[in-house]
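Proteins come first, then strands; the chains are lettered A, B, ... in the order of their sequence lines, and each starts at number 1.
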Amino acid sequence: MVDRNSIGIASELQFFGKMTASISHEIKNIMAIINESAGLLEDYNLMAEKGIPIDPERIQVISQRVIAQIQRADGITANMNSLAHSVDEFQRSVGIKETLELAVGLAQRFADMRSITLKLQPSSDASAVITSPFHLQNLIWQMLDFAMDVSGDGKTVGLTFETGKASVKIRVTGLEELSNLSEPAFPTEKEKALLRMLNATIQQDEKAGEIHLFLPKDIDQALTANS
Amino acid sequence: MRVLLVDDEQELVETLAERLGIRGIEARWTTNGDAALALIDQEDFDLAVLDVKIPGINGINLHKMMKEKCPRMKFIFMTGHGSQDDFAAGSAETGVDYYLLKPVTIDELLHKMNQLMNK
């Protein structure tokens, strides 16, 4: 028999490993671009020494490329930092908008690999919930990963949220193929463990092609109310 | 020597192609597998440098498809991933000597390219 706790721990480690591997891959790519750009500048320098004229616009293009890659690296390391600090405390107040922005940032490369567009609905809603930020991030990733599998290459997966009185509803949209699945593939035991951890629930709206996550505004109050 | 570079990082393949061009090697580039397959239908290449993880068809499958179309074409894998699985997959396809981890120096790439072409 599979121990539920071990499913939870394995899922946490898998998520952390998957995200850090993806981040390190991206950083490697950025380093490779900066490395080649520096190399190209060296090539230009050697050509100039041999009297071959160099177009100053080319130098400008390369320096802008390096600046753009450094900005890209800054965004990626900021996401990595946020993810790393999400385990500082088991629970704390987290902004939903910021959480979804981080989720999209972390999932972006996986979406690019599947040629999928991730669309976060802009929102001025500053709602926050008291929850476990790491487990919430893990659960949103599982939802997005499933949504990207279901929607297929070249499609758009949307992410949005609505605030209710005692809970926040996070909607993952763009799963038009949801009704064509032969059997319910989501949530699996992995997501069920996370839902228990967050005292949250998930619903599938096959007609709308959406998955809805209902998250209590305060995990403690929800736990007390349900106990 | 005509080389095709395939990597989803456009800035990388664009810069590498220019640097190879400076060294007298004609290089074309693309950022996805479908475009790579279309290119080899239109043009002849001696060698392809493929990223393992590219959008659409992954590098390993792309290698198989390209090899079918152009049996004489040689291949080098280049990747940012250093996982054992990727390494095993890449080296099984091309031989351990032709699997490079990013960032790759131009001299290292040229050395591998020449080694492969003279094999």
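- Among residues two or more places apart in sequence or in another chain, the ring-ring contact (aromatic ring centres under 6.0 Å, His included) test is passed with A:Phe186 by A:Phe146.
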Item to check | Intermediate values then yes/no, side-chain contact (heavy atoms from CB on, under 4.5 Å), A:Met113 and B:Asp8 | outcome: CA-CA 9 Å; A:Met113 283 294 122; B:Asp8 62 312; 3.2 Å; yes
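- With a 6.0 Å radius and a threshold of 12 heavy atoms from other residues, nucleotides or ligands, A:Lys119 has its NZ atom at or below the threshold.
- To the nearest 0.5 Å, atoms CD (B:Glu9) and CZ (A:Arg72) are separated by 4.0 Å.
- Heavy atoms of A:Arg114 lying under 4.5 Å from chain B are absent altogether.
- Of residues 33-55 of chain A, those residues lying under 4.5 Å from chain B by any heavy-atom pair are A:Ile33, A:Asn35, A:Glu36, A:Ser37, A:Gly39, A:Leu40, A:Asp43, A:Tyr44, A:Met47.
- Smallest separation of non-hydrogen atoms from B:Pro103 and A:Ala32: CB-CA, 3.7 Å.
- Of the two parts of A:Gln69, only the side chain, counted from C-beta on, holds a non-hydrogen atom closer than 4.5 Å to a non-hydrogen atom of chain B.
- For the atom pair A:Asn29 CG and B:Lys53 NZ, the distance stands at 12.0 Å (nearest 0.5 Å).
- Counting non-hydrogen atoms of other residues, nucleotides and ligands closer than 6.0 Å to CG of A:Asn180 gives a total above 12.
- Using modelled atom types, no side-chain atom of B:Lys102 and backbone atom of A:Lys28 make a donor-acceptor pair closer than 3.5 Å.
- Counting heavy-atom neighbours within 6.0 Å of B:Met117 CE, excluding the residue itself, gives a total above 12.
- Scanning for ring-ring contact (aromatic ring centres under 6.0 Å, His included) contacts around B:Phe45 gives an empty result, with sequence neighbours left out.
- In B:Lys69, the NZ atom is crowded: over 12 heavy atoms of neighbouring residues, nucleotides or ligands sit closer than 6.0 Å.
- Using a 4.5 Å cut-off between non-hydrogen atoms, the part of residues 11-36 of chain B that approaches chain A consists of B:Glu11, B:Leu12, B:Glu14, B:Thr15, B:Leu16, B:Glu18, B:Arg19, B:Ile22, B:Arg23.
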